[in-house]
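Report on the following structure.
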There are 2 protein chains.
Amino acid sequence: MKAGLNKEKIIEKAAELAEKNGLSGVSMKALADELGIKPPSLYKHFGGGLEELNKELMLYGWRLLDGEITKAVIGKAKDDAVIALCHAYRGFVVSHKGLYEAMQWYDMYQSEEHMQASGGAVEIMYRALGSYDMTEEQKVHTVRLVRSFLQGFSTIEVHIGNARRVPLDDSFDFALNTILGGIAGMQKDR
Amino acid sequence: MKAGLNKEKIIEKAAELAEKNGLSGVSMKALADELGIKPPSLYKHFGGGLEELNKELMLYGWRLLDGEITKAVIGKAKDDAVIALCHAYRGFVVSHKGLYEAMQWYDMYQSEEHMQASGGAVEIMYRALGSYDMTEEQKVHTVRLVRSFLQGFSTIEVHIGNARRVPLDDSFDFALNTILGGIAGMQKDR
DNA sequence: TATAATAGCTAATTATATTAGCTAAAAGTG
DNA sequence: CACTTTTAGCTAATATAATTAGCTATTATA
């Protein structure tokens, strides 16, 4: 019996699996079981095997995140835009910890498609910085700073969970304010 | 013939392997080959198998990094200390990309030993912040901010390499200055 | 020197990814 | 509508890695 599957449905199931069991839980075997088919059948959809599957899952996540960020920033500018973007990023990670792990797949930075999928977010960030008084180079630096912070904070949060004496929420807001304050300061000094 | 191995020698070889082929290149098979023994023999040293090996490798890396950071911060205070710490961290990552990947092993945050191994660095960071005019809570936030930045920046650098129009060195210094400026600003506002 | 512990080995087991080749269902075509 | 082609599943087989069981020689120790 044909199960009527396609790439999209399979990736969605893979994302579910990643949420439930982490990226290491996304195996050909586990995924096939979950879909009610046999592992070799997956190769009809992903000729590149597990490698291709991981890559598609990564891209799926980045596209989803890109959508969220885009929505969050609409109609905002400057600090407000950066704040909205950062909260959207963190919100996404917190509610998709498993998928976020898949998004960090080792090959993410080599992939052209990843550039496209996450390029939206970077583009949005540049635009948010557009109204600051900065050189182009400084904007590049700033985007890298914010990306680094978001990525580092998210990774740590995903792993250590939330049961700390000082809440992560507070640390996130503090850090964001500190960075924005620093950016404002840099502008004056320039 | 007995090869005269012990945990330490094996871990050092594993670290070499990680440098050469990435964490995924550290398999029982590859490691045994490299050491001139058969895979099952490794279980005499690491009863916990690959899991234990990964964990030990992670700890080895953090202890090494802790040493570097400690050295770098000696005799420095405040911004100088933070700057030295950050440069030491980044320097370590850049020259140990493979090992750093192993240090990010999924279990790092759950492990008590990791707390110990990386606790030194955190302790040093707290001390560096000791002379700032901050509440204890703000210090926690600040440590988290700096850790997030270092971790995020490092991860990105390890993956994308260095061939960019705007050099990563410059972005690192810019980001560090921005953060330090932000921290200074937060103190005044408090 | 005798004994115990250690660190290696081979052989076998398990698990997963993957390939090859088969077949029925679906989709298109005269 | 009958025919053909493509597709999406299957089973069987292969390759590789981790791991376990049980054997043995070397080393360390009583």
Side-chain angles (χ1 to χ4, degrees), chain A residues 1-60 98 101-102 104-108 110-111, chain B residues 1-60 98 101-102 104-108 110-111:
Chain A
M1 2 93 209
K2 295 217 181 180
L5 295 174
N6 56 36
K7 277 198 175 196
E8 190 164 334
K9 284 181 192 168
I10 295 174
I11 290 294
E12 275 163 15
K13 188 63 84 175
E16 266 179 48
L17 261 181
E19 285 309 330
K20 225 186 328 174
N21 306 327
L23 184 56
S24 68
V26 181
S27 63
M28 297 307 252
K29 167 111 172 62
L31 184 54
D33 282 356
E34 202 68 23
L35 292 164
I37 62 176
K38 302 291 171 182
S41 306
L42 285 170
Y43 290 78
K44 295 293 152 130
H45 301 277
F46 298 90
L50 195 54
E51 175 108 355
E52 187 184 345
L53 189 78
N54 279 328
K55 185 171 175 173
E56 292 290 340
L57 187 55
M58 170 197 79
L59 292 171
Y60 170 82
E101 194 189 341
Q104 301 304 313
W105 185 53
Y106 75 97
D107 212 22
M108 63 178 275
Q110 265 73 51
S111 135
Chain B
M1 3 110 209
K2 294 215 179 179
L5 296 173
N6 55 36
K7 276 197 175 196
E8 191 165 333
K9 285 182 193 167
I10 296 175
I11 290 294
E12 275 163 15
K13 188 62 84 176
E16 266 179 48
L17 261 181
E19 285 310 329
K20 223 184 332 174
N21 306 326
L23 184 56
S24 68
V26 182
S27 63
M28 297 307 254
K29 168 109 172 58
L31 184 53
D33 282 356
E34 202 68 23
L35 291 164
I37 61 176
K38 301 292 171 182
S41 307
L42 286 169
Y43 290 79
K44 296 292 153 125
H45 301 277
F46 297 91
L50 195 55
E51 176 107 356
E52 188 185 344
L53 188 78
N54 278 326
K55 186 172 175 173
E56 293 290 340
L57 187 56
M58 168 196 81
L59 293 171
Y60 170 82
E101 195 190 342
Q104 302 304 315
W105 184 53
Y106 75 97
D107 212 22
M108 63 178 273
Q110 264 74 53
S111 133

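The analysis underlying the following values was restricted to heavy atoms, covering all of them including side chains, and did not include hydrogens, waters or symmetry mates. In what follows, chains are A, B, ... by sequence order, proteins preceding strands, each numbered from 1.
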Hey, can you pull the residues of residues 18-31 of chain A with a non-hydrogen atom under 4.0 angstrom from DNA chain C?
S27(A), M28(A), K29(A)
Between the protein and nucleotides 5-7 of chain D, which nitrogen or oxygen pairs are less than 3.5 angstrom apart?
residue : atom : partner : partner atom : Å
dT7(D)  : O2   : K2(A)   : NZ           : 2.6

Closest heavy-atom pair and its distance - I11(B), E56(B):
CD1-CB, 3.4 Å
Minimum heavy-atom separation for A32(A) to P39(A), with atom names?
CB-N, 3.5 Å
Proximity to DNA chain C (any heavy atom under 4.0 Å), residues of residues 37-47 of chain A only
P39(A), P40(A), Y43(A)
Pairs flagged by side chain to side chain donor-acceptor pair (under 3.5 Å) wherever residues 3-18 of chain A is involved - sequence neighbours left out:
K7(A)-E52(A)
Can you name the salt bridge (charged side-chain N to carboxylate O under 4.0 Å, His left out) partners of K29(A), sequence neighbours left out?
D33(A)
Of all heavy-atom pairs between G49(B) and Y43(B), which one has the smallest distance, and what is that distance?
CA-CE2, 3.6 Å
Looking at DNA chain D, which of residues 5-16 of chain B put a heavy atom within less than 4.0 Å of it?
none
Side chain to side chain contact (heavy atoms under 4.5 Å, CB included) filter on K44(A), not counting sequence neighbours, yields none
State, to 0.1 Å, how close S27(A) and A30(A) come at their nearest heavy-atom pair, and which atoms those are.
OG-N, 3.0 Å
Could you name each residue pair satisfying salt bridge (charged side-chain N to carboxylate O under 4.0 Å, His left out) that touches residues 18-28 of chain A, not counting sequence neighbours?
K20(A)-E34(A)
Write down the atom of L57(A), the atom of A102(A), and the distance for their closest heavy-atom approach.
CD2-CB, 3.7 Å
Output the rounded distance in Å from CG (L53(A)) to P (dT16(C)).
15 Å
Taking only residues two or more places apart in sequence or in another chain, which ones pass side-chain hydrogen bond (donor to acceptor under 3.5 Å, both in side chains) with N21(A)?
none
Flag side-chain contact, heavy atom, 4.5 Å: L53(B) against I10(B):
yes
Donor-acceptor contact present, side-chain E101(B) to main-chain L23(B), <3.5 Å
yes
